[in-house]
> 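Got a structure here, written out as structure tokens. Questions coming.
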2 protein chains.
Amino acid sequence: MVQFVHPARQDITLAGVLAALADPVRLQIIQGLLTEPACMSCTAASPCDIPKSTLSNHFRVLREAGLIHTTKKGVEHRNVVREADINARFPGLLKAILKHAGE
Amino acid sequence: MVQFVHPARQDITLAGVLAALADPVRLQIIQGLLTEPACMSCTAASPCDIPKSTLSNHFRVLREAGLIHTTKKGVEHRNVVREADINARFPGLLKAILKHAGE
DNA sequence: TTCAATAGTCCCATATTTCCGAACTACCGA
DNA sequence: TCGGTAGTTCGGAAATATGGGACTATTGAA
């Protein structure tokens, strides 16, 4: 049984969030998750020419940075951006970053 | 003769900026540079227990990401945060990040 | 001019991290 | 129970970061 690690709101660090978003693939994933209300990893996540194991790793990084919340839903995983937590912890940060993400 | 590489404003990328700021040491450096109007690397840069070569590398990363501008001033190097360029390229980003940097 | 000191870079060996193929687990439907 | 799909884990190769030591450039003093 896979158990996911989600840091508590107060354990989310700025350096962690920045490191997680410093990768173009992960930036795209977050963007994709914000347009789709609830996404599964592999298929809905942007660049589909990326190996599954690499993608799984990217999702783990995002999860451990506190950026997304993952729940098992049958055979797939539903990922949601923890907007409320990030905005509570670092107001304005997420919006400021994502505003420029598609360049 | 050491020649510094400074990307043009339009070549500054979001992922590059985020990656550069994702390191606590570099975040501290930028913060230090913004309080001091013009800083030399080694001495004024925050954690002084960091080896020179590592520090020099951090400054190179910040420089190549377009976050700072370095000029030779005699024996030392003057580093200035390229606030105008960053703000023109990604308005609000730098402020949003640095607002939470000291946590 | 020459010597010593200082700021910083460059080189290179080690340590850490990332990437990705392959094997594995979990769940669902036929 | 079997096969397919979604995703994780493992392990080795590739890329990157760290830091010690040698090197360069500049300045100031003897």
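No experiment lies behind these values; they were computed from the predicted model shown. So that the names make sense, note that chain A is the first sequence line, chain B the second, and so on, each numbered from 1.
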> Report yes if the side chains of Lys72(A) and Phe4(A) come closer than 4.5 Å at any heavy-atom pair, otherwise no.
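Side chain of Lys72(A) against side chain of Phe4(A), heavy atoms only: contact under 4.5 Å found.
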> Are the side chains of His77(B) and Ser56(B) in touch, meaning some heavy atoms are under 4.5 Å apart?
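His77(B) vs Ser56(B): side chains apart.
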> Give Arg63(A) one of three labels, base, sugar-phosphate or nothing, depending on what nucleic acid heavy atoms sit under 4.0 Å from its own.
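Sugar-phosphate contact only.
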> Find which nucleotide of DNA chain C each of Val75(B) and Thr54(A) is nearest to by heavy atoms, and output the residue with the more 5' nucleotide.
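Going by which nucleotide is closer to the 5' end, it is Val75(B).
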> Rounded to whole Å, please give me the gap between CG in Leu55(A) and P in dT9(D).
15 Å
> Take atom CG of Asp23(B) and atom P of dT16(D), then tell me their distance rounded to the nearest Å.
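Those two atoms, CG and P, are 16 Å apart.
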> Round to a whole Å and report the spacing from CD of Glu76(A) to C1' of dT8(D).
16 Å
> Any non-hydrogen side-chain atom of Pro91(A) less than 4.5 Å from a side-chain atom of His100(B)?
yes
> Picking from dT8(D), dG19(D), dT9(C), which would you name as closest to the side chain of Phe4(B)?
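Of all the options, the side chain of Phe4(B) is nearest to dT9(C).
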> Can you tell me if the side-chain N/O atoms of His77(A) get under 4.0 Å from OP1 or OP2 in dT8(D)?
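Looking at the OP1 and OP2 atoms of dT8(D), one of them is under 4.0 Å from a side-chain N or O of His77(A).
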> Look only at the side chain of Arg26(B) and the backbone of Ala20(B), and say whether a donor-acceptor pair between them is shorter than 3.5 Å.
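At least one qualifying donor-acceptor pair exists.
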> Please figure out whether Arg60(B) or Ser53(A) has its closest DNA chain C nucleotide nearer the 5' end.
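It is Arg60(B) whose nearest nucleotide is closer to the 5' end.
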> Report the distance from atom NZ of Lys72(B) to atom P of dA25(D), rounded to the nearest whole Å.
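That distance rounds to 8 Å.
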> Is the backbone N or O of Glu83(B) less than 3.5 Å from a side-chain atom of Asn87(B), with the two atoms forming a donor-acceptor pair by type?
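Looks like yes, one N/O pair under 3.5 Å.
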> In whole angstrom, give the distance that lies between atom CZ of Arg78(B) and atom C1' of dA7(C).
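So the CZ-C1' distance, Arg78(B) to dA7(C), works out to 12 Å.
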> Does any N or O donor sit under 3.5 Å from an N or O acceptor when you compare the side chain of Ser56(B) with the base of dG8(C)?
no
> Find the distance Phe59(A):CZ to dT18(C):C1' and express it as a whole number of Å.
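Result: 17 Å.
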> Would you mind telling me which residue lines up with the more 5' stretch of DNA chain D, Asn57(A) or Arg26(B), judged by nearest nucleotide?
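Between the two, 5'-proximity favours Asn57(A).
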> Quickly work out the Lys52(B) NZ to dT18(D) P distance and round it to whole Å.
18 Å
> Atom CD1 of Ile68(A) to atom C1' of dG7(D): distance rounded to whole Å?
13 Å
